[in-house]
Amino acid sequence: MKPYRSLNMIFLIIFIIGTVLSFKYFPSEIPLFMQSPPHWVFIGICFFILLALAIAAFFPHKISKNGNEVRNDITLIVINLFGLGIFLFYFVTIAKYCGLQMNYMKGIVLIVGILMVLVGNFLPQMPYHSRIGFKLPWVLKDKICWQKTHRFAGYTAIPFGLIQCLLALLVPNNNLVFLLGIGIWIIIVCFYSLIIFYQNKGDSGK
């Protein structure tokens, strides 16, 4: 068994221990973006996402829907990156309640930017119909559209992620940086996938 299959399980164990040790410092509500969910809702959602990712890491072939070992390893790496993102997001958010002085929103924007750069290296290799990726109806209908969309998404995620990290350090409004960074990237990828889909549809109709 590959050691890094247990990485998300390790994150989950540290998550539980950290939550137990710091729970007494939590406020009744956790301010997040424009909402403030009760602390138990915030903890519960993060816990179940990490638990799902920890379990999924033992069955990458079920996620990728592919028997190729290399493709399954790529899927496993992406699952681990998602788990790392949730893990860091959680502890960056609660850090200020434990006495650590830091801008949690800036930390989240930086984490997302770094993850965009890392995931961008693997998106072009996502197997067709994998459970991870841009699961848009028109993308799922066309293998070529899937491949071109994820190749484009991977190549553009890297510069967008780097720009987001840079802006997080320079621009005071981190909410705006977050929305512009990942939001514009997702819109551009979706728009590109539509263009590719209709191009392929037009070519097949000739």
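Sequential numbering from 1 along the given sequence is applied to the chain's residues. Only a predicted model underlies this, so the values are computations on that prediction, with no experimental measurement involved.
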Are [X] and [Y] an aromatic pair by the rule of ring centers under 6.0 Å?
X: W185; Y: F191; result: no
X: F152; Y: Y192; result: yes
X: F42; Y: Y90; result: yes

Subject >> Atom NZ of K141 with >12 non-hydrogen neighbours under 6.0 angstrom >> reply: no
[X] versus [Y], closest heavy-atom pair with distance:
X: Y97; Y: P31; result: OH-CD, 3.1 Å
X: G83; Y: L50; result: O-CD2, 3.6 Å
X: Q164; Y: I182; result: OE1-N, 3.2 Å
X: A157; Y: G120; result: CB-CA, 3.9 Å
X: L76; Y: A57; result: CD1-O, 3.2 Å
X: C46; Y: I86; result: O-CG2, 4.2 Å

Measure the spacing between [atom1] of [X] and [atom2] of [Y] and express it to the nearest 0.5 Å.
X: L12; Y: I55; atom1: CG; atom2: CD1; answer: 9.0 Å
X: F91; Y: I111; atom1: CZ; atom2: CD1; answer: 11.5 Å
X: L7; Y: I10; atom1: CG; atom2: CD1; answer: 5.5 Å
X: I158; Y: M116; atom1: CD1; atom2: CE; answer: 10.0 Å
X: F15; Y: N8; atom1: CZ; atom2: CG; answer: 12.5 Å
X: I114; Y: L81; atom1: CD1; atom2: CG; answer: 11.5 Å

Check whether [X] and [Y] end up in the same hydrophobic cluster, where Ile, Leu, Val, Met, Phe, Trp and Tyr are linked by side-chain heavy atoms less than 4.5 Å apart.
X: V117; Y: Y155; value: no
X: V92; Y: L167; value: yes
X: V109; Y: L162; value: no
X: I195; Y: F197; value: no
X: M9; Y: F48; value: yes

Original post:
Considering residues at least two apart in sequence or located in another chain, which fulfil the side-chain contact (heavy atoms from CB on, under 4.5 Å) criterion with L110?
Top reply: K106, C165, A168, L169
Less than 4.5 Å apart, any side-chain heavy atom of [X] and any of [Y]?
X: F11; Y: L53; value: no
X: S193; Y: W146; value: no
X: S36; Y: I30; value: no

**OP:** Please say which of T149, N200, I196 ends up in a side-chain contact (heavy atoms from CB on, under 4.5 Å) with D142.
**Re:** N200
Subject >> Exam field: side chain H150 to backbone F134, donor-acceptor pair closer than 3.5 Å >> reply: yes
Original post:
Among all residues two or more places apart in sequence or in another chain, which pass the side-chain hydrogen bond (donor to acceptor under 3.5 Å, both in side chains) test with T93?
Top reply: none
Subject >> Set of residues satisfying ring-ring contact (aromatic ring centres under 6.0 Å, His included) with respect to F82, sequence neighbours excluded >> reply: none
Subject >> side chain to side chain contact (heavy atoms under 4.5 Å, CB included) evaluation trace for V112 with F89 >> reply: CA-CA 9 Å; V112 171; F89 163 75; over 6 Å; no
Subject >> Whether F26 and H39 hold their rings parallel, tilted or perpendicular, with breakpoints at 30° and 60° >> reply: perpendicular
